[in-house]
Amino acid sequence: MKTAVVKVKIKNREELEDKMTEIDLEFEPMVWQHDRVYLPRGFKSGNNMPRMIMRTEMKAIDRPPKYELILKRHIEDSGIDVVDRVIVSDYVAAVNIIHQLGFELKSEVSRRRQILPIGEDTRMCLDKVDRVAGYYLKLETKLKDDDKISEVMEDLEKTLMVFGQDPRSQIEQPYFALM
């Protein structure tokens, strides 16, 4: 699946919540996510190289966690992210496969996330990342074959402005690189 993403650090969470109240929107309940980020040996940022993520997600302490294997690859010259994900039933076996493929554990990232679906293929995430100050707002949308990335990015930036965020302050780095 191909996606487009914009992410900003929120200057004032209360202002964001006020904007959401004005337009009668509310985030879904918070989930806790813990990502183990694996990079291929010899990884160089900006070379369109993939990274693999083993994600543990918990919605409530009295419910079992969900494990997901995610492959992400940012295509530099297009601004598109390729993202594929699969639910994992055997966490240890999946991590062993990742290591056997030559990927090495680079970082671990824990966050509390709230999601707000916006339309059919777009969602907004409010993230509080452990060991990183502040909150982050991330908009991501699935791309269709006939989408023009420039138009999609423009729409995402306009949506940021609706929520009082400055699209010029976008953060390109993944969360593990901010730590």
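For reference, positions follow the sequence shown, starting with 1.
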Closest heavy-atom contact between [X] and [Y]?
X: L69; Y: I98; value: CD1-CD1, 3.6 Å
X: P65; Y: T56; value: CB-CG2, 3.9 Å
X: V88; Y: A94; value: CG1-CB, 3.7 Å
X: P40; Y: P50; value: CD-O, 3.1 Å
X: G134; Y: K9; value: CA-CE, 4.0 Å
X: Q173; Y: A177; value: CB-CB, 3.8 Å

So how far is it from [X] [atom1] to [Y] [atom2], rounded to the nearest 0.5 Å?
X: L137; Y: L160; atom1: CG; atom2: CG; value: 6.0 Å
X: K128; Y: R13; atom1: NZ; atom2: CZ; value: 10.0 Å
X: Y67; Y: E57; atom1: OH; atom2: CD; value: 12.0 Å
X: Q33; Y: R112; atom1: CD; atom2: CZ; value: 12.0 Å
X: K72; Y: D35; atom1: NZ; atom2: CG; value: 7.5 Å
X: D147; Y: I80; atom1: CG; atom2: CD1; value: 9.0 Å

Only one of D127, V37, D130 forms a side chain to side chain contact (heavy atoms under 4.5 Å, CB included) with Y175, so which one is it?
D127
Less than 4.5 Å apart, side chain to side chain, heavy atoms only: is that true for [X] and [Y]?
X: L139; Y: I118; result: yes
X: M124; Y: T159; result: no
X: E28; Y: P117; result: yes
X: R51; Y: K106; result: no
X: R113; Y: K138; result: yes
X: K19; Y: Q165; result: no

Please determine if K158 and E154 form a salt bridge, counting it only when a charged side-chain N lies under 4.0 Å from a carboxylate O.
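Salt bridge present between K158 and E154.
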Is D121 paired with K144 through a side-chain N to carboxylate O contact shorter than 4.0 Å?
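Answer for the salt bridge query: yes.
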Tell me, yes or no, whether the heavy-atom count around [X] atom [atom1], taken from other residues, nucleotides or ligands under 6.0 Å, exceeds 12.
X: I23; atom1: CD1; answer: yes
X: D146; atom1: CG; answer: yes
X: E120; atom1: CD; answer: no

Do [X] and [Y] belong together in a cluster built from hydrophobic side chains that touch within less than 4.5 Å?
X: L39; Y: L101; result: no
X: V132; Y: L126; result: no
X: Y136; Y: M179; result: yes
X: V86; Y: V95; result: yes
X: M161; Y: V6; result: no

Under the side-chain contact (heavy atoms from CB on, under 4.5 Å) criterion, do H99 and Y38 qualify, and how do the steps go?
CA-CA 9 Å; H99 285 290; Y38 295 87; 3.7 Å; yes
Please report the C-alpha distance between N48 and R73 in whole Å, then the side-chain angles of each, then the deciding distance to 0.1 Å, and finally whether the side-chain contact (heavy atoms from CB on, under 4.5 Å) criterion is met.
CA-CA 6 Å; N48 300 332; R73 186 169 165 234; 4.1 Å; yes
Counting only N and O atoms by type, is there a donor-acceptor contact under 3.5 Å from the side chain of [X] to the main-chain atoms of [Y]?
X: D84; Y: M1; answer: yes
X: S169; Y: D166; answer: yes
X: R36; Y: E108; answer: no

Pair R63-M58, side-chain contact (heavy atoms from CB on, under 4.5 Å): steps then yes or no
CA-CA 7 Å; R63 294 175 61 189; M58 293 196 60; over 6 Å; no
